[in-house]
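Keep in mind it's a predicted model, so treat the numbers as computed, not measured. All residue numbers refer to positions in the sequence shown, counting from 1. Whatever order the structure lists ligands and atoms in, that order sets their numbers, starting from 1.
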Amino acid sequence: MKIAIVGTGYVGLVAGACFADAGSDVVCVDVDREKIERLEAGHVPFFEPGLEDLVKRNCPARLRFSSDLAAAMEGRSIVFVAVGTPPSEDGSADLSHVLAAARDVSRLAKSDLALVLKSTVPVGTNEKVSAIVRGSKHHIAVVSNPEFLKEGDAVNDFLKPDRIVVGTDDDRAFELLSRLYAPFNRQRNRLIRMSPKSAEIVKYAANALLATRISFMNEIARLCDAASGDVEDVRIALGADHRIGYHFLYPGLGFGGSCFPKDLRALVRTGEELGLSLEMARSAIVANEAPVEDLTRDLEQALGPLAGKVIGVWGLAFKPRTDDVREAPALKLIEKVVRKGARIRASDPQALETAGARLRSLGLEDRVELLRDPYDAARGADALVVATEWSEYRSPDAQRLRQSMRGRHVFDGRNTLVPEEIVEAGLVYRGVGRPVRHA
Ligand code: NAD
């Protein structure tokens, strides 16, 4: 099938490459010309495992890039919108990019088509977009098809989705989407059809539920800290209950990234607009502030005033296997402790560039040294914090770590290290919701 995708970010590019790999003819469009030029030269502008191979394999036979929407839409029966929906000042989703893209598609359409909203948008957006495209000379059916992929595993998630939610009242549009997604449905039909409004709500409900589990486990970890329990034991026994399961039961420094924080805030805002106070979502946001606050307090307790102290940080991305640092807990922690006078030596397998840009925008670049080698980052540190659970950090050479560091405190912000290995090297181990261990 011939499709166009407007917006070539994490979602648009992954979707484009996967649809192309499944046999469709895809043109990915973006207003960012530099991004398009880099893609045309074969460079994926962000790190996502497997994506560059997929792009190279399909480009240019079935996958092409353009900043000319009119040309890209030529002969296409489906146009996806996968542009950003960043948070506005009041927490609501900023729909300006989505609405601008919809206006462009409506104006440039030369035949009937399905306009598919893949961006995460609040309930009622399909209606707004439908009102815009009613002005077109052609019939444009607006379909809500939220995306559930997760960064770090995005290609796999897109190729093998748990479900494909299609919100539309238009039978022909549904038929088109069914044909497009058929290659991903061979094992079983993953398509779930519903109204556009329900489809819009599903996406926020899914993210809010997952974020709530994280916040809940972080709260249980705080309880373990206060009562001298061990959250690892609690987690293992909790997850064994098949009604609960093990996914998203890991306490840590809180959730970050481009989705959970912004989607929770937007959900709360949507509730307010409808006269509702969504207390669970609101609490998940508030509880998410605690882990970084607690860690800052623990650092001060262990080291004394942070002014002049050196803190090593392993991991800057908001989670492993991505270079995305949007709302990353590591950067929140760095900002807090730097403002208290600490200096940072930080490392990350993929996110040094994106973190550098973020630190410059915060004016903190002079206080943070970004280093490729994690042991370099630990050198001369009074304390080391593991802030992202990259597999590279799971089993460090603890003796080497001990020799590199000036102090002895290791804060495992993701409960990813083996405490015994750390303690045997003469270091002090502190996890999240776990007893302090030392020799
Ligand atoms: P992104 O910021 O990585 O990419 C968005 C792209 O859209 C940018 O390249 C931008 O230049 C382009 N763009 C903006 N306006 C445009 C226009 N009018 N025409 C053409 N291009 C335009 O964003 P993303 O992370 O891919 O997210 C896109 C949407 O998908 C958001 O609504 C997000 O909430 C949702 N989503 C994201 C993820 C994720 O893990 N990143 C997962 C599921 C859903």
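Checked by atom type and distance alone, the side chain of Thr388 never pairs as donor or acceptor with a backbone atom of Pro320 at under 3.5 Å.
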Apply side-chain contact (heavy atoms from CB on, under 4.5 Å) to Val234 and Cys224, showing your working.
CA-CA 9 Å; Val234 175; Cys224 287; 4.0 Å; yes

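At under 3.5 Å, a nitrogen or oxygen of Tyr10, whether backbone or side chain, sits near a nitrogen or oxygen of ligand 1.
If you look at Lys150 next to ligand 1, there are no close heavy atoms at all, none under 4.0 Å. In Cys259, the part holding a heavy atom less than 4.0 Å from any atom of ligand 1 is the side chain. Residue-level proximity to ligand 1 for Ser258 is carried by the side chain, the only part with a heavy atom below 4.0 angstrom. The residue Glu34 has no part lying near ligand 1, judged by heavy-atom distances below 4.0 Å.
Heavy-atom proximity to atom 37 (C) of ligand 1, evaluated over Val11, Ile5, Asp104, is greatest for Val11.
Between Arg235 and Glu232 there is a salt bridge, since at least one side-chain N of the basic residue sits less than 4.0 Å from a carboxylate O of the acidic one. With respect to the salt-bridge test (charged N to carboxylate O, under 4.0 angstrom), the residues Arg321 and Glu151 do not qualify.
Figure legend: Arg326 and Phe318 shown without cation-pi pairing, the cationic atom not lying both under 6.0 angstrom from the six-membered ring centre and within 45 degrees of its axis. Both the sub-6.0 Å distance and the 45° axial angle are not jointly satisfied by Arg414 relative to the ring of Tyr250.
For ligand 1, the atoms closer than 4.0 angstrom to any heavy atom of Val6 are 19 (N), 20 (C). Close contacts between ligand 1 and Gly9 involve ligand atoms 1 (P), 3 (O), 4 (O), 6 (C), 26 (O) [criterion: under 4.0 Å to a heavy atom].
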